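Taking it in order: structure first as structure tokens, then the write-up.
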Amino acid sequence: MTDPVFDCAPYRARLLSLAAELPQIPRADLYAFLDRAGELSEHLPEQLSSVLDEFSATSGEHGYLVLSGLPLDEDRLPATPTSTPAPNDRQLLSMEAMLAVIGRRLGLHTGYAELRAGTIYHDVYPSPNPNYLSSETSETLLDFHTEMAYHLLQPDYVMLACSRADHERRAETLIGSVRKALPLLDANTRARLFDRGMPCSVDLAFRGGLRDPGAIARVKPLYGDESDPFLGYDRELLAPEAPRDKEAVRALGRALDAAAAGIGLTPGDVLILDNFRTAHARTPFSPRWDGKDRWLHRAYLRTDRYGQLSGTERAGDAVPFVPRR
């Protein structure tokens, strides 16, 4: 893909009509809701379908796709949440509808049993005094990470939909693509990183109630096809031990920084990340706690691209934690 941004504004009416055919209380029966979204995904506008299919086939050097100009809730958008999960009787929001129909074109929405009680839709909003690893941080940098790089069933795609931007529109999602970073690494560093499992800690939700169980997973920073590798990176959690490993991982981090693109999500945007080819971060912003702070919706998708599915799964399943070894 040459251009990672696609304007959906010309198709807004068609997308609104598809959203209207979805069950309007999605959490009442999430399986049925996502099944219906799968049916409707076959009726997306042809050009949008083509863009999604191309991204699925090869996410390109960027490793992400931004869909802009999607329909919004306008005056009926409720206040930014202050707790999670969302109430089961919450009415369908436009950006949730877009995550459903567009997401089903790409794969199966997946929950992670230990994370937010296995829910499929995650409200992402600022919270007072969050853990520094949490997506609920705001005034500190949320550093580069491949989502759940330590999980054997990590999502293929991460989708982030924006219902409300931060007040000053300072927050950016930073995206580091391995395809852009790799040319910045010398051959020796690439060889040191490739197919070498390194100790990695896990996020709070996956620690089994322990404060710090240590590095219970092993993550390969580069793996797969040596000429076009997958990426497994987490600046906070990856914990190489050998001096040469530490230096190689630092070099990879510098390359991702140098190659990073910054995306300022605005209402009506959906960002889709190829989670096997990128790491992402978020820059700081200042919440006002006025009910109109930044509000994103997050969903995880798995596909059969890399053996993530056995063929019996459904959109809406929640999978248990299995650490990479």
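Just so we're clear, the structure is a prediction, and the values are computed from it rather than from any experiment. Index from 1, following the sequence.
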Taking atom [atom1] of [X] and atom [atom2] of [Y], what is their separation to the nearest 0.5 Å?
{"X": "L16", "Y": "S94", "atom1": "CG", "atom2": "OG", "result": "6.0 Å"}
{"X": "D7", "Y": "L48", "atom1": "CG", "atom2": "CG", "result": "11.0 Å"}
{"X": "S138", "Y": "R294", "atom1": "OG", "atom2": "CZ", "result": "10.0 Å"}
{"X": "F6", "Y": "S50", "atom1": "CZ", "atom2": "OG", "result": "8.5 Å"}
{"X": "L70", "Y": "C8", "atom1": "CG", "atom2": "SG", "result": "4.5 Å"}
{"X": "T146", "Y": "L231", "atom1": "OG1", "atom2": "CG", "result": "4.0 Å"}

Which class fits the ring pair Y64 and H62: parallel under 30°, tilted 30 to 60°, perpendicular over 60°?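 Y64 and H62: perpendicular rings.
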Does [X] use its side chain to pair, donor to acceptor, with the backbone of [Y] at less than 3.5 Å?
{"X": "E313", "Y": "S310", "answer": "yes"}
{"X": "Q91", "Y": "I25", "answer": "no"}
{"X": "S59", "Y": "F55", "answer": "no"}
{"X": "D73", "Y": "R76", "answer": "no"}
{"X": "Q24", "Y": "L22", "answer": "yes"}
{"X": "D143", "Y": "R235", "answer": "no"}
{"X": "T278", "Y": "L273", "answer": "no"}
{"X": "E147", "Y": "N275", "answer": "no"}
{"X": "R12", "Y": "G69", "answer": "yes"}
{"X": "R298", "Y": "I120", "answer": "no"}

Reference residue Y300; test ring pair (Phe, Tyr, Trp, His ring centres under 6.0 Å); the match among H151, H109, H122: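 Output: one option passes, namely H122.
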Taking the side chain as everything from C-beta on, heavy atoms only, tell me whether [X] gets closer than 4.5 Å to [Y].
{"X": "L160", "Y": "V270", "answer": "no"}
{"X": "P320", "Y": "Y112", "answer": "no"}
{"X": "L152", "Y": "F321", "answer": "no"}
{"X": "L238", "Y": "S201", "answer": "no"}
{"X": "R116", "Y": "Y121", "answer": "no"}
{"X": "T119", "Y": "L30", "answer": "no"}
{"X": "P155", "Y": "Q308", "answer": "no"}
{"X": "E241", "Y": "M198", "answer": "no"}

Non-hydrogen atoms of [X] and [Y] that approach each other most closely:
{"X": "A251", "Y": "L185", "result": "O-CD2, 3.6 Å"}
{"X": "R90", "Y": "P81", "result": "NH1-CG, 4.2 Å"}
{"X": "F285", "Y": "T137", "result": "CE2-O, 4.2 Å"}
{"X": "L193", "Y": "P221", "result": "O-CD, 3.7 Å"}
{"X": "R105", "Y": "S41", "result": "NH1-O, 3.4 Å"}
{"X": "A215", "Y": "P199", "result": "CB-CB, 3.6 Å"}

Quick one, D290 with H167, criterion side chain to side chain contact (heavy atoms under 4.5 Å, CB included). Give me CA distance, side-chain angles, the key distance, then yes/no. CA-CA 10 Å; D290 60 354; H167 291 282; 3.1 Å; yes
Are [X] and [Y] grouped together when hydrophobic residues (ILVMFWY) are joined by side-chain heavy atoms under 4.5 angstrom apart?
{"X": "Y233", "Y": "Y150", "answer": "yes"}
{"X": "L265", "Y": "L77", "answer": "no"}
{"X": "V158", "Y": "V219", "answer": "yes"}
{"X": "I272", "Y": "F276", "answer": "no"}
{"X": "L252", "Y": "F144", "answer": "yes"}

Ignoring hydrogens and angles, state whether a donor on the side chain of [X] or [Y] is under 3.5 Å from an acceptor on the partner side chain.
{"X": "T80", "Y": "R164", "value": "yes"}
{"X": "D269", "Y": "T266", "value": "yes"}
{"X": "R170", "Y": "S286", "value": "yes"}
{"X": "D186", "Y": "T189", "value": "yes"}
{"X": "T110", "Y": "R302", "value": "yes"}

Taking the basic N atoms (NZ, or NE/NH1/NH2) and the acidic carboxylate oxygens, is any pair closer than 4.0 Å for [X] and [Y]?
{"X": "D89", "Y": "R27", "value": "no"}
{"X": "R282", "Y": "E172", "value": "no"}
{"X": "R288", "Y": "E168", "value": "yes"}
{"X": "R104", "Y": "E42", "value": "no"}
{"X": "D245", "Y": "R250", "value": "no"}
{"X": "E247", "Y": "R254", "value": "yes"}

Ring centroids only, cut at 6.0 angstrom: are Y223 and Y306 within range, meaning strictly under it? no
Q47, CD: over 12 other non-hydrogen atoms inside 6.0 angstrom: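 It does not: Q47 CD has 12 such atoms or fewer within range.
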Just do the side chain to side chain contact (heavy atoms under 4.5 Å, CB included) check on M148 and L115 with the steps written out, would you? CA-CA 11 Å; M148 296 184 234; L115 179 63; 4.0 Å; yes
Please determine if R314 forms a cation-pi arrangement with Y31, meaning its NZ or CZ atom is less than 6.0 Å from the six-membered ring centre and no more than 45° off the ring axis. yes
Please say whether the positively charged group of R277, taken as NZ for Lys or CZ for Arg, lies over the ring of F230, i.e. under 6.0 angstrom from the six-membered ring centre and within 45 degrees of the axis. no
Applying salt bridge (charged side-chain N to carboxylate O under 4.0 Å, His left out), name anything that partners R324, two or more places apart in sequence or on another chain.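 With sequence neighbours excluded, R324 shows a salt bridge (charged side-chain N to carboxylate O under 4.0 Å, His left out) to no residue whatsoever.
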What verdict does the side chain to side chain contact (heavy atoms under 4.5 Å, CB included) test give for L108 and L34, after you've listed the backbone C-alpha separation in whole Å, the side-chain angles of each residue and the deciding distance to 0.1 Å? CA-CA 9 Å; L108 300 181; L34 292 172; over 6 Å; no
What's the verdict on side chain to side chain contact (heavy atoms under 4.5 Å, CB included) for V5 and S68, showing C-alpha distance, side-chain angles and the deciding distance? CA-CA 7 Å; V5 180; S68 64; 4.3 Å; yes
